[in-house]
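As a basis for the values below, the full set of heavy atoms in this structure was taken, side chains included, without hydrogen atoms, waters or symmetry mates.
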Amino acid sequence: MTILYIYLVIINFISGFFFYIDKKAAIKDRTRVPEKTLHLFELIGGVFANIVLIYLIRHKNQKFSYWIWTWMIFIVWGCLIYFLKQYAS
(Lines give C-alpha, C1' and ligand atoms only; values in the text may rest on other atoms or scores of the structure.)
Protein backbone atom coordinates (compact mmCIF):
# COMPACT_ATOMS: atom_id res chain seq x y z
CA MET A 1 0.00 0.00 0.00
CA THR A 2 2.89 2.35 0.64
CA ILE A 3 3.89 2.23 -3.01
CA LEU A 4 0.30 3.07 -4.01
CA TYR A 5 0.26 6.09 -1.69
CA ILE A 6 3.59 7.35 -3.03
CA TYR A 7 2.29 6.89 -6.59
CA LEU A 8 -0.92 8.77 -5.77
CA VAL A 9 0.97 11.68 -4.22
CA ILE A 10 3.20 12.01 -7.29
CA ILE A 11 0.39 11.67 -9.85
CA ASN A 12 -1.76 14.14 -7.91
CA PHE A 13 1.01 16.74 -7.98
CA ILE A 14 1.32 16.26 -11.74
CA SER A 15 -2.45 16.32 -12.28
CA GLY A 16 -2.85 19.40 -10.09
CA PHE A 17 -0.06 21.14 -11.99
CA PHE A 18 -1.83 20.60 -15.34
CA PHE A 19 -5.16 21.67 -13.84
CA TYR A 20 -3.55 24.88 -12.53
CA ILE A 21 -1.86 25.50 -15.91
CA ASP A 22 -5.25 25.14 -17.60
CA LYS A 23 -6.76 27.70 -15.20
CA LYS A 24 -3.98 30.19 -15.96
CA ALA A 25 -4.35 29.58 -19.71
CA ALA A 26 -8.10 30.20 -19.45
CA ILE A 27 -7.50 33.52 -17.68
CA LYS A 28 -4.93 34.64 -20.26
CA ASP A 29 -6.96 33.32 -23.22
CA ARG A 30 -4.17 30.99 -24.31
CA THR A 31 -4.05 27.41 -25.52
CA ARG A 32 -5.76 25.20 -22.96
CA VAL A 33 -5.04 21.72 -21.67
CA PRO A 34 -7.66 19.46 -23.30
CA GLU A 35 -10.32 18.10 -20.94
CA LYS A 36 -9.50 14.59 -22.13
CA THR A 37 -5.97 15.08 -20.83
CA LEU A 38 -7.24 16.32 -17.47
CA HIS A 39 -9.60 13.35 -17.22
CA LEU A 40 -6.79 10.98 -18.20
CA PHE A 41 -4.71 12.23 -15.28
CA GLU A 42 -7.74 11.77 -13.05
CA LEU A 43 -8.25 8.20 -14.28
CA ILE A 44 -4.66 7.26 -13.49
CA GLY A 45 -5.01 8.58 -9.95
CA GLY A 46 -4.79 12.36 -10.01
CA VAL A 47 -8.44 12.96 -9.25
CA PHE A 48 -7.92 13.89 -5.59
CA ALA A 49 -5.92 17.03 -6.37
CA ASN A 50 -8.35 18.06 -9.08
CA ILE A 51 -11.38 17.70 -6.79
CA VAL A 52 -9.73 20.06 -4.30
CA LEU A 53 -8.60 22.49 -7.00
CA ILE A 54 -12.05 22.65 -8.61
CA TYR A 55 -13.25 24.47 -5.53
CA LEU A 56 -10.01 26.06 -4.32
CA ILE A 57 -9.18 27.91 -7.54
CA ARG A 58 -12.76 27.87 -8.91
CA HIS A 59 -11.87 26.19 -12.15
CA LYS A 60 -14.41 24.08 -14.03
CA ASN A 61 -16.74 24.16 -11.03
CA GLN A 62 -19.69 25.32 -13.14
CA LYS A 63 -19.13 23.03 -16.10
CA PHE A 64 -21.42 20.13 -15.26
CA SER A 65 -20.09 17.77 -17.92
CA TYR A 66 -16.57 18.07 -16.51
CA TRP A 67 -17.68 18.06 -12.90
CA ILE A 68 -19.81 14.90 -13.15
CA TRP A 69 -17.03 12.87 -14.81
CA THR A 70 -14.54 14.02 -12.21
CA TRP A 71 -16.82 13.00 -9.36
CA MET A 72 -17.52 9.60 -10.94
CA ILE A 73 -13.79 8.98 -11.27
CA PHE A 74 -13.35 10.10 -7.65
CA ILE A 75 -15.96 7.57 -6.48
CA VAL A 76 -14.28 4.77 -8.46
CA TRP A 77 -10.89 5.60 -6.94
CA GLY A 78 -12.41 5.82 -3.47
CA CYS A 79 -13.97 2.37 -3.87
CA LEU A 80 -10.73 0.96 -5.26
CA ILE A 81 -8.69 2.25 -2.33
CA TYR A 82 -11.31 1.01 0.13
CA PHE A 83 -11.29 -2.43 -1.50
CA LEU A 84 -7.49 -2.60 -1.47
CA LYS A 85 -7.32 -1.60 2.20
CA GLN A 86 -9.95 -4.20 3.15
CA TYR A 87 -8.81 -7.16 1.12
CA ALA A 88 -5.17 -6.70 0.15
CA SER A 89 -2.68 -7.86 2.71
Side-chain angles (χ1 to χ4, degrees):
M1 285 301 284
T2 304
I3 293 172
L4 174 63
Y5 292 140
I6 292 170
Y7 166 77
L8 287 174
V9 167
I10 292 169
I11 198 64
N12 274 279
F13 274 115
I14 295 168
S15 181
F17 173 75
F18 278 100
F19 198 79
Y20 179 76
I21 293 298
D22 186 55
K23 168 70 174 187
K24 290 300 174 186
I27 291 170
K28 295 180 181 180
D29 200 30
R30 293 194 176 154
T31 303
R32 308 275 303 274
V33 177
E35 283 188 9
K36 288 182 181 181
T37 302
L38 296 175
H39 284 312
L40 176 64
F41 278 110
E42 292 169 358
L43 279 170
I44 62 174
V47 69
F48 303 102
N50 287 6
I51 287 285
V52 171
L53 289 173
I54 282 174
Y55 300 103
L56 193 64
I57 64 174
R58 295 183 183 163
H59 186 49
K60 301 223 180 255
N61 60 335
Q62 294 183 354
K63 187 167 185 181
F64 184 76
S65 62
Y66 184 86
W67 182 87
I68 194 69
W69 279 107
T70 299
W71 275 100
M72 286 192 300
I73 294 168
F74 177 79
I75 291 167
V76 169
W77 266 100
C79 291
L80 179 65
I81 291 170
Y82 174 79
F83 175 78
L84 288 174
K85 286 185 80 165
Q86 292 294 318
Y87 302 106
S89 298

Visitor: Within the structure provided, determine whether Ile57 and Phe19 are in side-chain contact (heavy-atom separation under 4.5 Å).
Guide: yes
Visitor: If you count the non-hydrogen atoms of other residues, nucleotides and ligands that lie under 6.0 Å from CZ in Phe13, is the total more than 12?
Guide: no
Visitor: We want to know whether Ser15 and Glu42 form a side-chain donor-acceptor pair, criterion being a heavy-atom distance below 3.5 angstrom.
Guide: no
Visitor: With a 4.5 Å heavy-atom cut-off, do Asn61 and Trp67 have their side chains touching?
Guide: no
Visitor: Would you indicate whether the side-chain heavy atoms of Val33 and Tyr20 approach each other to under 4.5 Å?
Guide: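 Tyr20 does not reach Val33 side chain to side chain.
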Visitor: Run the side-chain contact (heavy atoms from CB on, under 4.5 Å) check on Val52 and Phe48 step by step: do they pass?
Guide: CA-CA 7 Å; Val52 171; Phe48 303 102; over 6 Å; no
Visitor: Does the side chain of Lys60 reach to within under 4.5 Å of the side chain of Lys23, using non-hydrogen atoms?
Guide: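 Heavy-atom side-chain distance check fails, nothing below 4.5 Å.
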Visitor: Return yes when atom OH of Tyr55 has more than 12 non-hydrogen atoms of other residues, nucleotides or ligands closer than 6.0 Å, and no otherwise.
Guide: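 Yes, the 6.0 Å shell around OH holds more than 12 heavy atoms from other groups.
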Visitor: Quick one: CG on Leu43 to CD1 on Ile11, what's the gap to the nearest 0.5 Å?
Guide: 11.0 Å
Visitor: Are Leu40 and Lys36 side-chain neighbours, meaning at least one heavy-atom pair lies under 4.5 Å?
Guide: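 Result no, sub-4.5 Å side-chain heavy-atom pair not found.
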Visitor: Just verifying a value: how many Å separate Ile68 CD1 and Lys63 NZ, rounded to the nearest 0.5 Å?
Guide: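 If we round to the nearest 0.5 Å, Ile68:CD1 and Lys63:NZ are 14.0 Å apart.
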Visitor: For the residue pair Phe74 and Trp71, categorise the inter-ring angle as parallel (less than 30°), tilted (30 to 60°) or perpendicular (more than 60°).
Guide: perpendicular
Visitor: Just one of Asp22, Asn50, Ile27 clears the side chain to side chain contact (heavy atoms under 4.5 Å, CB included) bar with His59, so which one?
Guide: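 Result for side chain to side chain contact (heavy atoms under 4.5 Å, CB included) with His59: Asp22.
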Visitor: Parallel, tilted or perpendicular, judged at 30° and 60°: which one describes the rings of Tyr66 and His39?
Guide: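 Aromatic pair Tyr66/His39 classed parallel.
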